[in-house]
Amino acid sequence: MARTADDSWDIATSVGATAVMVALARAAETASDDPLIRDEFAEPLVSTPELAKVRDQVAAWWAPEPDDGSAGTPDSEDSEDDFSVDAQQMIDYQAVRTHFFDAYFAGAVAAGIRQVVLLAAGLDSRAYRLAWPAGTTVYEIDLPKVLEYKEQTLAGHNATPVADRRPVPVDLRHDWPKALRDKGFDATQPTAWLAEGLLPFLPAAAQEAMFAAIDSLSGPGSRVAVEMFGVDEDKRQEAEEKWARLRERRAARGEDTSFNPFELWFDDEGRPEPADWFTARGWSAQTVSSHDEAARLGRPPQSTERPFANRFVTATKG
């Protein structure tokens with residue numbers, strides 16, 4: 001699972017499996033009694049036989065620790081190392097995140113933008129489910145096997161895109177601007193860009209290069225939205241140590257502990273702060289706390305131990 005400089009994956013392995021986890025959360029939210037978002041394509045995308053193992057791995061990642069009677073006691077090891085992921089908290093966060101970026105796109109097309117780019121599109125179904133105006137083109141950038149899986153699966157359910165969907169099969173660590181232009185992208189037109197759930201899975205140099213490419217490929221009036229992960233290094237190290245101890249106990253019980261998103265993040269330093277980076281280049285940027293957005297939408301974190309710490313950054317090019 002550990003990352004290398006030029007690694008690759010399909011939808012069932014490595015970074016691809018994290019897209020499955022996110023889509024599972026969207027499917028669960030859509031099936032709930034009072035969903036904040038509706039993604040009717042998430043469930044068919046994650047329910048295929050080839051993803052059975054990934055579903056089991058995510059279920060194990062989300063599973064609570066068994067109550068042995070010591071949980072909650074101040075000196076118990078289980079209390080100290082309880083880092084099991086709360087499935088409902090994950091579902092709530094993904095619903096809030098999806099709602100925010102759906103609204104971002106609604107604002108972009110209302111302003112007349114008809115060119116959209118999804119960076120590391122994964123199992124994003126927005127080309128199929130949002131109310132795109134006529135003439136909108138949605139470019140989806142991701143690895144070839146990921147895009148092929150999504151397109152073939154949805155075609156098997158007779159799903160058709162609302163917009164002119166153009167897959168761009170390329171690694172974001174390679175020359176994706178050329179691949180994008182080869183698909184008909186017009187850098188003179190305003191564009192709405194989205195980097196959702198992406199930054200930690202890119203090396204710092206690739207993130208810097210991606211921002212520079214967005215700037216150079218954006219006509220006046222373009223917009224960009226970025227999810228900024230908010231776990232600082234000390235808290236992340238603490239979380240990884242707790243998860244390692246939890247994995248050890250689970251492995252001793254014979255449980256599947258192979259799914260570990262922590263192993264997929266690049267640890268290199270020097271990442272630019274998105275709002276500062278775009279502001280310095282003439283964009284007008286805003287940052288919204290995901291915690292505040294969740295509270296506004298009636299989905300505040302259920303645990304004060306692991307609150308929503310990410311930020312949503314949007315910017316408009318003058």
message: Using only atom types and a distance under 3.5 Å, with no angle test, would you say the side chain of S47 pairs donor to acceptor with the backbone of E43?
response: yes
message: Within the 4.5 Å heavy-atom criterion, are V22 and R97 side-chain neighbours or not?
response: yes
message: I'd like to know whether R129 forms a salt bridge (Lys or Arg N to Asp or Glu O under 4.0 Å) with E40, so could you lay out the CA-CA distance, the side-chain angles of the two residues, the decisive distance to 0.1 Å, and finally the verdict.
response: CA-CA 8 Å; R129 66 177 180 82; E40 65 271 31; over 6 Å; no
- prompt: Is any side-chain N of the basic residue among E273 and R311 closer than 4.0 Å to the acidic one's carboxylate O?
  reply: yes
- prompt: Is it true that R296 and D292 have a side-chain N and a carboxylate O under 4.0 angstrom from each other?
  reply: no
task: Starting from the C-alpha separation in whole Å, work towards a yes-or-no answer on side-chain contact (heavy atoms from CB on, under 4.5 Å) for L202 and M210.
output: CA-CA 10 Å; L202 282 178; M210 182 181 74; 3.9 Å; yes
- request: Kindly say whether K145 contributes a backbone atom to a donor-acceptor pair with the side chain of D10 at under 3.5 angstrom?
  value: no
field: H99 backbone acceptor or donor facing Y104 side chain under 3.5 Å
entry: no
query: Has the side chain of T279 got a donor or acceptor atom that lies under 3.5 Å from a matching backbone atom of D276?
result: no
query: Any ion pair linking K150 and E140 (charged N to carboxylate O, less than 4.0 Å)?
result: yes
- prompt: Under 4.5 Å between any side-chain heavy atoms of L297 and L36, yes or no?
  reply: yes
- prompt: Between Q207 and R271, is there a donor-acceptor pair closer than 3.5 Å when you use the side chain of the first and the backbone of the second?
  reply: no
field: For P220 against P190, the heavy-atom pair lying closest together
entry: O-CB, 3.5 Å
- line: Shortest non-hydrogen pair, V46 vs A23, comes out as CG1-CB, 3.4 Å
query: Is the shortest side-chain N to carboxylate O distance from E293 to R299 below 4.0 Å?
result: no
query: Counting N and O atoms only, with roles assigned by atom type, does the side chain of D142 sit under 3.5 Å from a partner on the main chain of G122, one being a donor and the other an acceptor?
result: yes
- request: Report yes if some heavy atom in the side chain of F41 is under 4.5 Å from a heavy atom in the side chain of L154; otherwise report no.
  value: yes
- request: Walk me through it: do D175 and K178 pass the test side-chain contact (heavy atoms from CB on, under 4.5 Å)?
  value: CA-CA 6 Å; D175 190 3; K178 179 182 183 303; 3.4 Å; yes
task: Calculate, to the nearest 0.5 Å, the distance between atoms CG and CZ belonging to L199 and F229 respectively.
output: 7.5 Å
task: Decide side-chain contact (heavy atoms from CB on, under 4.5 Å) for W176 and D171; before the verdict, give the C-alpha distance in whole Å, the side-chain angles of both, and the deciding distance to 0.1 Å.
output: CA-CA 7 Å; W176 61 266; D171 193 314; over 6 Å; no
query: Which distance, rounded to the nearest 0.5 Å, do you find between the OG1 of T191 and the CZ of R223?
result: 12.0 Å
Residues which pass ring pair (Phe, Tyr, Trp, His ring centres under 6.0 Å) with Y149, listed by chain and number, not counting sequence neighbours: none
- prompt: Checking side-chain contact (heavy atoms from CB on, under 4.5 Å) for the pair S14/L264: CA distance, chi angles, key distance, verdict?
  reply: CA-CA 7 Å; S14 187; L264 303 176; 3.6 Å; yes
- prompt: Where is the tightest heavy-atom contact between L172 and A120, given as atom of each residue plus distance?
  reply: CD1-N, 3.8 Å
message: Quick check against the 3.5 Å criterion: does Y139 have a side-chain atom that pairs as donor or acceptor with the backbone of L118?
response: no
message: Counting only heavy atoms not in E50 (residues, nucleotides, ligands), do more than 12 fall under 6.0 Å from its CD?
response: yes
field: Considering all heavy atoms, the nearest G221-T316 contact
entry: O-CG2, 4.3 Å
message: One thing to verify: whether R173 and D7 come together as a salt bridge, which I'm taking to mean a side-chain N less than 4.0 angstrom from a carboxylate O.
response: yes
task: Look up atom OG1 in T136 and atom CZ in R114, then write down how far apart they are to the nearest 0.5 Å.
output: 5.0 Å
field: Within one Ile-Leu-Val-Met-Phe-Trp-Tyr cluster: F201 and I11, side-chain cutoff 4.5 Å
entry: yes
- request: Considering non-hydrogen atoms only, spot the tightest contact between V168 and K183 and give its length.
  value: CG2-CG, 3.8 Å
message: Rounded to the nearest 0.5 Å, what separates atom CZ in F100 from atom OG in S290?
response: 10.0 Å
message: If you compare all heavy atoms of L45 against all heavy atoms of L123, which two are closest, and at what distance to 0.1 Å?
response: CD1-O, 3.7 Å
- request: Please tell me if the side chains of R166 and T137 come closer than 4.5 Å, counting only heavy atoms from C-beta onward.
  value: yes
query: With distance as the sole test, does R165 use its side chain to make a donor-acceptor pair with the main-chain N or O of V138 at under 3.5 Å?
result: no
field: Single-linkage hydrophobic cluster, 4.5 Å side-chain cutoff, M90 and V15 together
entry: yes
- prompt: For the residue pair F312 and F101, is the inter-centroid distance of their aromatic rings smaller than 6.0 Å?
  reply: yes
task: Applying side-chain hydrogen bond (donor to acceptor under 3.5 Å, both in side chains) between R126 and each of T98, D39, D102, report the one that passes.
output: D102
- request: Determine whether L217 and W193 make a side-chain contact, defined as any pair of heavy atoms from C-beta on separated by less than 4.5 Å.
  value: yes
message: Is there a side chain to side chain donor-acceptor pair (under 3.5 Å) between D164 and W132? Walk through the geometry before answering.
response: CA-CA 9 Å; D164 177 7; W132 300 108; over 6 Å; no
query: How many angstroms lie between NZ in K317 and OG in S284, if you round to the nearest 0.5 Å?
result: 14.0 Å
query: Under a 4.5 Å cut-off applied to non-hydrogen side-chain atoms, are P300 and H291 in contact?
result: no
query: In Å and rounded to the nearest 0.5 Å, what is the OG to CZ distance from S218 to F278?
result: 7.5 Å
- prompt: Does one hydrophobic cluster hold both V116 and L130, with members joined at side-chain heavy-atom distances below 4.5 Å?
  reply: yes
- prompt: Transitively linked via ILVMFWY side-chain contacts under 4.5 Å: L194 with L119?
  reply: no
- prompt: In the single-linkage hydrophobic clustering (I, L, V, M, F, W, Y; side-chain heavy atoms under 4.5 Å), do V170 and L143 co-cluster?
  reply: no
